[in-house]
Amino acid sequence: MEKLAIFGGSPVRTKPYLSHVTTGGEEKQAVMKVMDRGILSEYEGTNNQYFMGGLEVQALEKEWAAFFGVKYALAVNSATSGLFAAAGACGFGPGDEVIATPFTMSATPSAILAYNAIPVFADVDPVTFNLDPDDVERKITPRTKAIYVVHIFGHPAPMDHIMAIAKKHGLKVVEDAAQSPMAKFGDKYTGGLGDLGVFSLNCNKHIQCGEGGIVTTNDDTLAERVALIRNHAEAVINSGRKFDSLVSMLGWNR
């Protein structure tokens, strides 16, 4: 075998790859529609018709929920923000433990730490690089609150085993589906198998908006908590609902 280029061999390619541009006339037309209207964002922090964002945001959420087969899809300004909002929606707090994979971007454990919870890393499968369910269960203690699952490289984690463990121990499951939009486990898309799913619309992802993210869930209360957290949680008092707990309802501009 010829020596690899990194070790002094001849490189296979000498020219850089061309940029892969995924935006075109359709995207430009959509942007100009907003520009012509003159209102770039219709979010307001008060409990009114603008609390859930503008027409385009809500249209995206509706289409996303329908395509991925979930009850709710909530747009955020990044998948990192989505992971943070999911942590708050689950009510993480000081002393709570959340099992996560060490084979992920820093945003995954950072979201846990932001609410003063403790990320507990479980081993990954050496073939798929996804969480090893057996080690997840070994890491569970009375302080464990949830499991943060990352579907790495577009390959779904073993969700049947993980969801069974979560049900057995009464844990929430948050799916980091930033790398797995439209990947399926069985007949369901990733991001719709756990209690909450988080997708990325970053410029390096399959579906890109430059930046952005989507949080999905089928749970009414979790959806409302995410919606409040992403918009400062200013409307939490007059939202019309009585929450069992206001823990971690500190809001952000997501």
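This is a predicted model, so every value here is computed, not measured.
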Taking all heavy atoms of [X] and all of [Y], pick out the closest pair and write down the distance.
X    : Y    : result
E42  : G54  : OE1-CA, 3.1 Å
D96  : K145 : OD2-CD, 3.6 Å
P181 : I207 : CB-CD1, 4.4 Å
A87  : Y115 : CB-CD1, 3.7 Å
P102 : A122 : CD-O, 3.1 Å
A86  : V174 : CB-CG1, 4.0 Å

side-chain contact (heavy atoms from CB on, under 4.5 Å), that's the test. Do K168 and E137 meet it? Break it down for me. CA-CA 10 Å; K168 176 182 175 182; E137 190 153 31; 3.1 Å; yes

[X] with [Y], same ILVMFWY side-chain cluster at under 4.5 Å:
X    : Y    : answer
I140 : I162 : yes
V215 : W64  : no
V198 : L201 : no
I39  : M32  : no
V98  : M159 : no

Backbone N or O of [Y] within a donor-acceptor pair of the [X] side chain at under 3.5 Å?
X    : Y    : answer
E27  : G24  : yes
N231 : E44  : yes
T216 : V70  : no
D125 : D132 : no
N218 : K71  : yes

Could you check whether any side-chain heavy atom of [X] comes within less than 4.5 Å of a side-chain heavy atom of [Y], counting everything from C-beta outward?
X    : Y    : value
P119 : Y148 : no
K205 : F199 : no
M52  : L74  : yes
F68  : M182 : yes
I118 : R143 : no
T217 : V226 : no
N130 : T101 : no
L60  : E56  : no

Less than 4.0 angstrom from a charged side-chain N to a carboxylate O is my criterion; do D134 and R138 meet it?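 Looking at R138 together with D134, the answer is no, because their closest N to O distance does not fall below 4.0 Å.
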
Can you check side-chain contact (heavy atoms from CB on, under 4.5 Å) on I147 and L131, steps first, answer last? CA-CA 10 Å; I147 304 169; L131 273 174; 4.1 Å; yes

Is there a side-chain hydrogen bond (donor to acceptor under 3.5 Å, both in side chains) between D219 and Y72 once you walk through the steps? CA-CA 8 Å; D219 185 283; Y72 299 100; over 6 Å; no

Measuring from atom [atom1] of [X] to atom [atom2] of [Y], what distance do you get when rounded to the nearest 0.5 angstrom?
X    : Y    : atom1 : atom2 : result
T221 : R225 : OG1   : CZ    : 8.5 Å
I165 : I99  : CD1   : CD1   : 8.5 Å
T144 : L171 : OG1   : CG    : 6.5 Å
D176 : M105 : CG    : CE    : 9.5 Å

Under the side-chain contact (heavy atoms from CB on, under 4.5 Å) criterion, do Y43 and V57 qualify, and how do the steps go? CA-CA 10 Å; Y43 276 107; V57 168; 3.3 Å; yes

Taking the hydrophobic residues Ile, Leu, Val, Met, Phe, Trp and Tyr, and joining any pair whose side-chain heavy atoms are under 4.5 Å apart, which ones share a cluster with F129?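 Besides F129, the cluster holds F103, V124, V150, I152, F153.
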
Side-chain donor-acceptor pair present, N202, Q208, cut-off under 3.5 Å: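 There is no such pair (donor and acceptor under 3.5 Å, judged by atom type) between the side chains of N202 and Q208.
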
CA sep, side-chain torsions, deciding dist, call: L196, C90, side-chain contact (heavy atoms from CB on, under 4.5 Å): CA-CA 9 Å; L196 290 148; C90 290; 3.6 Å; yes

Going by the side chain to side chain donor-acceptor pair (under 3.5 Å) test, which pairs reach into residues 150-161, not counting sequence neighbours?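 Every side chain to side chain donor-acceptor pair (under 3.5 Å) pair that includes a residue of residues 150-161, provided the two are not neighbours, is H151-E175.
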
Which residues pass the ring pair (Phe, Tyr, Trp, His ring centres under 6.0 Å) test with F67, not counting sequence neighbours?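 F67: ring pair (Phe, Tyr, Trp, His ring centres under 6.0 Å) contacts with Y189.
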
